[in-house]
Amino acid sequence: MSDQQDYLSRIGTLIRDARQHSSLTQSELAEELKTSQSAVNRIEKGQQNLTLEMLARIGTALDSEIVSMGTSGPSHLRVKGGTTLSGAIDVKSSKNAGVALLCASLLNEGTTILRKVARIEEVNRLLEVLESIGVKTRWLNGENDLELVVPRDLDLASMDADAARRTRSIIMFLGPLMHRVDTFELPYAGGCDLGTRTVEPHMTALRPFGLKVVATEGSYHATAGAGVAPERPIVLTERGDTVTENALLAAARYDGVTVIRNASPNYMVQDLCFFLEKLGVQIEGIGTTTLRVTGTATINTDVDYAPSEDPIEAMSLISAAIVTQSSITVRRVPIEFMEIELALLEEMGFSYERSAEYAAENGQTRLADITTHPSTLRAPIDKIHPMPFPGLNIDNLPFFAVIAAMADGQTLLHDWVYENRAIYLTELNKLGARVKLLDPHRVLVEGPTHWSGTELVCPPALRPAVVILIAMLAAKGTSVLRSVYVINRGYEDLAERLNALGAQIETFRDI
């Protein structure tokens, strides 16, 4: 293959990944670009020469920095592997809790202060949306404390549609906004079909409050029904985190009692419950699958709240220590959301120490410090599969692929929740792993692995992307991970923080 063909092929792969990340079909992208589906197919296969103008148009259509000038282009990571980590690191506050609390701030007409908010791309996009509709937002200090003041009347007509389409969390505006306006529109990414499917579980939660939503091409059109109240308990058809949060946000401003069954008791839902309690909402059953919410018609409270630490980041850091055979101390681990993971790791031979428990700044979540030790791992007897809390966290499952690659024997991972996420774990094979895809939900991992460095394009799924970065830390030689925007969406300064522990990761951009 010539250098030019190789270059076109790499660009085509970038475009395909960005399109899939935006939940667009080739036909839908072709329509945006005013070209044919076959042309998009050729571009993604690296079989079509591209002008700079066409690259710019594709970047705009996919909201992706495929090509740009100077320092604004996509960032990449160069990893010098085979280093051992040492020292201590604090787990940062929960990304998912922070996002839910930003949406919940719309319920409150007083001043909301949130402590140590994760400064990640997902949060930045939500703040752009909030500011565009009239919310005053202000970072207070270097500790990432954030102040939000919501006006009595929101300017929804001025909503920043581009920013809204770049955050999946925009759907959690449905619950708060239905109490403030009769009709409103929310932009979302992806085609009409996906939009209808995505919103349906939320409608199960919100219809009893009188909300009607029609998903058209690129927008949710919502109409609130005044005076409509849940006549019986709301039974969620899926125990989803954002679905439960939307039900809670709707119930918070309903002047009555709402019972939510099959609710998610996951970490971000609990943080939202603790925050709503500070706003004067009464909630019974926090941490269980049945929530009894006594709402209040108006909320005008000055509130100060610190979301607890992120169990997925904690798992990321512990995984990095395991794979690099390192001894580090991971401080402020939200232990009640990590206990199944740690029990399973113990079964595999992981050696670690655990401190006495102490309370997070929210006064509720239990934390502990974990000190890892280099361990010889063996494959678990049974398959590894996620379950709703208190089971193994769905977002932590991918980390077991890179851990299982270090273990002696075969490990079966069953990612039953997500269509096709398991496929990205086969990218570990390019670094020397033996990961066999059995079907879209199951992979068989055989270890141990002798990792070796290579160059990869970042997959569009957040957790598999971080799993590949962790493998690169252990791989001999130098690896390159290209286009890491997806990691920046979910992690704050991850490369810099790993470098503080002794990793050698350099961020760079193409000229």
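Computation of the quantities below employed the complete heavy-atom set of this structure, encompassing side-chain atoms and omitting hydrogens, waters and symmetry-equivalent molecules.
Using a 4.0 Å cut-off between a side-chain N of Lys or Arg and a carboxylate O of Asp or Glu, Arg331 and Asp90 qualify as a salt bridge. Under a 4.0 Å N-O distance rule, the pair Glu147/Lys136 does not qualify as a salt bridge. By the 4.0 Å N-to-carboxylate-O rule, Glu313 lies too far from Lys92 to be salt-bridged with it.
At a cut-off of 3.5 Å, with distance as the only test, no side-chain donor of Asp271 or Gln364 sits close to an acceptor on the other residue. Using modelled atom types, one finds no donor on one side chain facing an acceptor on the other under 3.5 Å when comparing His76 with Thr507. With 3.5 Å as the limit, one finds no donor-acceptor pair spanning the side chains of Gln282 and Glu277.
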Side-chain atoms of residues 284-292: list all donor-acceptor pairs with protein atoms under 3.5 Å, sequence neighbours left out, distances to 0.1 Å.
residue	atom	partner	partner atom	Å
Thr288	OG1	Gly285	O	2.6
Thr288	OG1	Thr290	N	3.3
Thr288	OG1	Thr290	O	2.9

Could you list the donor-acceptor pairs under 3.5 angstrom formed by side chains in residues 389-396, with sequence neighbours left out?
residue	atom	partner	partner atom	Å
Asn393	OD1	Asp395	N	2.8
Asn396	ND2	Glu341	OE2	3.0

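Partners of Ala359 under the side-chain contact (heavy atoms from CB on, under 4.5 Å) rule, at least two apart in sequence or in another chain, do not exist in this structure. Residues passing the salt bridge (charged side-chain N to carboxylate O under 4.0 Å, His left out) test with Glu121 are Arg125, sequence neighbours excluded. Residues satisfying the side-chain contact (heavy atoms from CB on, under 4.5 Å) test with Glu496, not counting sequence neighbours, are Asp493. The salt bridge (charged side-chain N to carboxylate O under 4.0 Å, His left out) test applied to Arg239 returns no partner, not counting sequence neighbours. A search for side-chain contact (heavy atoms from CB on, under 4.5 Å) contacts involving Ala252 returns Leu107, Leu276, Val281, not counting sequence neighbours. For Tyr424, there are no side chain to side chain donor-acceptor pair (under 3.5 Å) partners at least two apart in sequence or on another chain. With sequence neighbours excluded, the residues satisfying salt bridge (charged side-chain N to carboxylate O under 4.0 Å, His left out) with Arg78 are Glu506. Among residues two or more places apart in sequence or in another chain, the side chain to side chain donor-acceptor pair (under 3.5 Å) test is passed with Glu309 by Arg332.
Counting only residues at least two apart or in different chains, side-chain hydrogen bond (donor to acceptor under 3.5 Å, both in side chains) contacts with residues 109-118 comprise Asn108-Thr112, Arg115-Asp145, Arg115-Asp304, Lys116-Glu361. Residue pairs satisfying the side-chain hydrogen bond (donor to acceptor under 3.5 Å, both in side chains) criterion with at least one member in residues 243-260, sequence neighbours excluded, are listed as follows: His202-Asn246.
No side-chain heavy atom of Leu154 sits less than 4.5 Å from a side-chain heavy atom of Val181. Residues Tyr305 and Ile113 fail the side-chain proximity criterion, which asks for heavy atoms closer than 4.5 Å. Side-chain contact between Met338 and Tyr267 is absent, with no heavy-atom pair separated by less than 4.5 Å.
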- Message: Is there a salt bridge (charged side-chain N to carboxylate O under 4.0 Å, His left out) between Arg366 and Glu357? Walk through the geometry before answering.
- Response: CA-CA 6 Å; Arg366 294 184 286 116; Glu357 291 179 5; 2.9 Å; yes

